Structures are given as C-alpha cells and as structure tokens.
Peer 1: 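Sharing a structure with you now.
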Amino acid sequence: MKDVHESNPEKVTREEPELADAPRHDMEEYLGGTIKARHGYIPVWLLVVYFVLFAWALYYAYQYWGGLGPGRI
C-alpha cells in the first residue's frame with residue numbers, strides 16, 4: 001500500500017463510488033426527503049405568465065384606482 005505523501009500529488013485522483021441511488025449535486029432535500037428542491041432554470045412560459053399578470057395588475061390599478069369600484073355609481 002502506498003503512502004499518499006510518497007506519490008505525486010498531481011496524479012492522485014479520488015474516485016467516488018457511483019451508487020444508483022446517489023443524490024445529484026444540484027438536488028437539495030428538506031424534512032428528511034419530504035421536500036426536494038433543485039437548482040435549475042425558470043421556464044419561458046412561466047416568465048410570460050409573470051409578465052402578463054404584472055401588466056394586468058398595472059392596467060387594473062390604473063383603470064380602477066379610487067372611487068367606489070366598477071359598476072358602483
């Protein structure tokens with residue numbers, strides 16, 4: 001068995017055993033695996049939904065700001 005100090009440190013590589021159920025590095029678990037979160041991207045359709053809702057909120061706030069509300073004279 002070789003001692004790590006005697007070998008060349010540039011050639012020393014650590015190989016991690018690959019398991020079938022090994023968690024991915026971008027996956028995080030909370031509450032013992034009940035909640036799983038991963039780092040990723042935001043889908044384009046969801047960005048479109050955010051934009052449409054924001055634009056509707058601006059329109060609604062501008063159109064119906066103050067007064068008694070729509071239909072109430």
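Numbers here simply count residues along the sequence, with the first being 1. Given the structure is predicted, the values throughout are model-derived calculations rather than measurements.
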Peer 1: Do you reckon Val52 sits in the same ILVMFWY cluster as Leu58, going by side-chain contacts under 4.5 Å, direct or chained?
Peer 2: no
Peer 1: How long is the gap from CD on Glu28 to CD1 on Ile35, to the nearest 0.5 Å?
Peer 2: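 Here the interatomic distance stands at 12.0 Å.
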Peer 1: Around atom CD1 of Ile42, are there more than 12 heavy atoms of other residues, nucleotides or ligands at under 6.0 Å?
Peer 2: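 Counting neighbours around CD1 of Ile42, 12 or fewer heavy atoms of other residues, nucleotides or ligands fall under 6.0 Å, so no.
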Peer 1: Between atom CH2 of Trp56 and atom CZ of Phe51, what is the distance when rounded to the nearest 0.5 Å?
Peer 2: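 Atom-to-atom, Trp56:CH2 and Phe51:CZ are 15.0 Å apart.
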Peer 1: Hey, could you give me the OH/CG distance between Tyr41 and Leu46, rounded to the nearest 0.5 Å?
Peer 2: 11.0 Å
